[in-house]
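My questions all concern the structure below.
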Amino acid sequence: MVNEQAEPVRIERDGAVAIVTVDRPKALNALSAEVLRALIAAFAELTDDGAAVRGVILTGEGGRAFIAGADIRAMSELSADDATELARLGHEAAAAIEAFPAPVIAAVDGFALGGGLEIALACDLIYATDSSAFGQPEVHLGLIPGFGGTVRLPRLVGPARARELIYTGRRIDVDEAVAAGLVAKRFPDRASLLAGARETIDAVAANSWSAVALAKRVLTDAAGTPTERASALEIEGFGDAFRTEDMREGVAAFLEKREPRFGA
Ligand code: DAK
């Protein structure tokens, strides 16, 4: 593995898997503007690598937190204009994850709170260790979610549960997060969490990169849109698949009873 980037966000590569780590363990990986900018830069760098990256594991350093929210200390000094800029940056970071053309798995080991949960919600999947905890505690601070929680949490757990979590600000454990559909898979410890995320990315990597990227684009763009618009996006994406070499190869391989040899 090669460490290519200095703090506060590191990128490590292991074959076709990239591990992006928020590295501010003393502040439980809280999201300052600097961390958000580094996250945006990390996903831009990985996007430039195209099909060389088949999936990203996003995690937090230190074993206590994925990300414990927006940086409350830095937030306490913000003007209204600064706060708007921070919210814009947070949304930009979430959008960079959603636009990334391969699956991003949030590997949560510890607290995923406030802005931290919102960044996890922008990922394709959330995997977590048994000792993790989740919540949108902004109302405890006189705030509301600012990095997409009111948008993405209801999509994943349903509107009633999202409202209950956002209005009470209460923390939930892994049992409840799995039952709510927030966490897709749970693991006993960090090592098995990272291995499980890698296993999923390896399974994805056996498929056509362009088909997976197309599926992600359609799923992301269609989220929350009315059925007619979502259907139009799928129809368009299905047509786009027919413009790829991988589609020709995948279908030919099936008909010739052999394994496909997908390109980039
Ligand atoms: N920001 C800054 N520092 C944090 C932090 C945070 N969110 N969370 C923890 N830390 C720091 C603590 O201050 C402490 O630093 P020192 O005192 O050692 O210097 C260190 O991390 C360890 O934390 P604790 O000593 O508190 O550790 P415990 O195990 O006792 O407790 C905890 C862990 C996660 C339960 C606790 O730290 C906690 O409640 N943290 C705050 C969690 C939280 O409320 N997070 C949500 C923040 S609200 C907006 C955009 C977005 C948002 C809002 C506005 N605008 C555009 C303005 C989103 C807001 C949020 O995310």
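Indexing begins at 1, ligand by ligand and atom by atom, following the structure's order. Below, each value reflects all heavy atoms present in this structure, side chains not excepted, and no hydrogens, waters or symmetry copies. Quick note: residue numbers are just sequence positions, from 1.
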For atom 50 (C) of ligand 1, grab the closest protein heavy atom and report residue, atom and distance to one decimal in Å.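 The closest one turns out to be F147 CE2, 3.2 Å.
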In Å and rounded to the nearest 0.5 Å, what is the CG to CE distance from D82 to M75?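 Here the rounded value is 12.5 Å.
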Would you confirm whether the ring centroid of F111 sits within less than 6.0 angstrom of the ring centroid of F66?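 No, ring centres 6.0 Å or more apart.
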Could you tell me whether P137 and ligand 1 have an N or O pair separated by under 3.5 Å?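 Between P137 and ligand 1, no N or O pair is found under 3.5 Å apart.
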Considering only heavy atoms, does R171 approach ligand 1 within less than 4.0 Å through its side chain, its backbone, both, or neither?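 Side chain only.
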Of all the atoms in ligand 1, which lie at a distance below 4.0 Å from a heavy atom belonging to G115?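 Those of ligand 1 that fall under 4.0 Å from G115 are 60 (C), 61 (O).
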State the CG-CZ distance between L117 and R171, to the nearest 0.5 angstrom.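 The distance works out to 12.5 Å.
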Under the 4.0 Å line, does any protein heavy atom show up next to atom 20 (C) of ligand 1?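 Answer yes: something from the protein, a heavy atom, is under 4.0 Å.
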Mark yes when over 12 heavy atoms from residues, nucleotides or ligands other than R163 sit less than 6.0 Å from its CZ; otherwise mark no.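 Result for CZ/R163: open.
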Look at ligand 1 and say whether G90 reaches it with a heavy atom at a distance under 4.0 Å.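 It does not; every heavy atom stays at 4.0 Å or beyond.
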Mark whether atom 29 (O) of ligand 1 lies under 4.0 angstrom from at least one protein heavy atom.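 Yes, there is one.
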Numbered atoms of ligand 1 (with element) below 4.0 Å of E138, judged on heavy atoms: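 Listed by number with element: 48 (S), 58 (C), 59 (C), 60 (C), 61 (O).
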Any N/O of A68 closer than 3.5 Å to an N/O of ligand 1?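 Yes: some nitrogen or oxygen of A68 is under 3.5 Å from one in ligand 1.
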Flag yes if more than 12 heavy atoms outside E228 fall under 6.0 Å of its CD atom; otherwise flag no.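 No, the 6.0 Å shell around CD holds no more than 12 heavy atoms from other groups.
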Protein non-hydrogen atom found under 4.0 Å from atom 23 (O) of ligand 1: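 Yes; the ligand atom in question has protein heavy-atom contact below 4.0 Å.
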When you measure from the side chain of T21 to the backbone N and O of G60, does any donor-acceptor pair fall under 3.5 Å?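 Flag not set: sc T21 to bb G60 has no pair under 3.5 Å.
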Does the side chain of D71 come under 3.5 Å of the side chain of S32 through a donor N or O and an acceptor N or O?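 Note: D71 and S32 side chains miss the donor-acceptor criterion.
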With a 3.5 Å distance limit and no angle check, can you tell me whether T220 reaches the backbone of R217 through a side-chain donor-acceptor pair?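 Not a single qualifying donor-acceptor pair exists.
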Shortest protein contact, atom 55 (N) of ligand 1 (heavy atom only):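 The protein heavy atom lying closest is A83 O, 3.8 Å.
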Are any non-hydrogen protein atoms located under 4.0 Å from atom 4 (C) of ligand 1?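 Given the 4.0 Å cut-off, atom 4 (C) of ligand 1 counts as touching protein heavy atoms.
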Protein heavy atom at shortest distance from atom 37 (O) of ligand 1: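 Among all protein heavy atoms, the one nearest atom 37 (O) of ligand 1 is L28 CD1, 3.8 Å.
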L141: numbered ligand 1 atoms lying under 4.0 Å from its heavy atoms: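 Near L141, meaning under 4.0 Å from one of its heavy atoms, ligand 1 has 47 (C), 48 (S).
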Could an N or O of ligand 1 be found under 3.5 Å from any N or O of R73, whether backbone or side chain?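 Indeed, backbone or side chain, R73 has an N or O that close.
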Is S231 reaching over with its side chain to a backbone N or O of T227, donor-acceptor style, under 3.5 angstrom?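 Indeed, once roles are kept as given, a pair shorter than 3.5 Å links the two residues.
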Atom of G237, atom of L214 and distance for their closest heavy-atom approach: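 Looks like O-CD2, 3.3 Å.
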Counting from 1, what ligand 1 atoms have a heavy atom of A87 closer than 4.0 Å?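 This gives 56 (C) as the contact atoms.
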Looking only at distances, please establish whether an N/O atom of ligand 1 is found under 3.5 Å from an N/O atom of I72.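 There is such a contact, yes.
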Please indicate whether any nitrogen or oxygen in R64 is less than 3.5 Å from any nitrogen or oxygen in ligand 1.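 Between R64 and ligand 1 (N or O atoms, distance only) the closest approach is under 3.5 Å.
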Could you identify the single nearest non-hydrogen protein atom to atom 10 (N) of ligand 1 and state the distance to 0.1 Å?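 The closest one turns out to be A27 O, 3.8 Å.
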To the nearest 0.5 angstrom, please state how far the CG atom of L89 sits from the OG1 atom of T84.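 Here the interatomic distance stands at 11.5 Å.
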To the nearest 0.1 Å, how far is atom 60 (C) of ligand 1 from its closest protein heavy atom, and which atom is that?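 Looking at atom 60 (C) of ligand 1, the protein heavy atom closest to it is A70 N, 3.6 Å.
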Would you kindly specify which portion of A30 sits under 4.0 Å from ligand 1, judged on non-hydrogen atoms: side chain, backbone, both or neither?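 A30 to ligand 1: side-chain contact only, backbone stays beyond 4.0 Å.
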With nothing but distance in play, are any N or O atoms of I144 less than 3.5 Å from an N or O of ligand 1?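 N/O-N/O distance below 3.5 Å does not exist for this pair.
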What closest approach, in Å, do R54 and P103 show between heavy atoms, and which atom pair accounts for it?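 Minimum heavy-atom contact is O-CD, 3.5 Å.
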Between the side chains of D109 and T129, is a donor N or O closer than 3.5 angstrom to an acceptor N or O?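 The answer is yes; a qualifying pair exists.
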If we check side-chain contact (heavy atoms from CB on, under 4.5 Å) with L58, which of these qualifies: I126, I105, I119?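 Result: among I126, I105, I119, I119 is the only option passing the side-chain contact (heavy atoms from CB on, under 4.5 Å) with L58.
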Are any side-chain N or O atoms of R152 and backbone N or O atoms of A94, one a donor and one an acceptor, separated by less than 3.5 Å?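 Checked: no pair found.
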Checking contacts now, so for atom 1 (N) of ligand 1, which I'm interested in, is there any protein heavy atom under 4.0 Å?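 Flag for atom 1 (N) of ligand 1 set to true, protein heavy atom closer than 4.0 Å.
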I'd like to know if the side chain of E118 and the backbone of F147 have a donor-acceptor N/O pair within less than 3.5 Å.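 Yes, E118 side chain to F147 backbone: donor-acceptor pair under 3.5 Å.
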Under-4.0 Å heavy-atom contact between protein and atom 7 (N) of ligand 1: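 So far as the 4.0 Å threshold goes, atom 7 (N) of ligand 1 is in reach of a protein heavy atom.
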Nearest protein heavy atom with distance in Å, relative to atom 38 (C) of ligand 1: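 Going atom by atom, the protein heavy atom closest to atom 38 (C) of ligand 1 ends up being L113 CD1, 4.8 Å.
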I need the nearest protein heavy-atom contact for atom 54 (C) of ligand 1: residue, atom name and distance, please.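 Answer, as residue, atom name and distance: M75 SD, 3.8 Å.
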Contact between ligand 1 and K26 is defined here as a heavy atom of the residue under 4.0 Å from a ligand atom; is it met?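 In this structure, K26 qualifies as a contact of ligand 1 - some heavy atom is under 4.0 Å.
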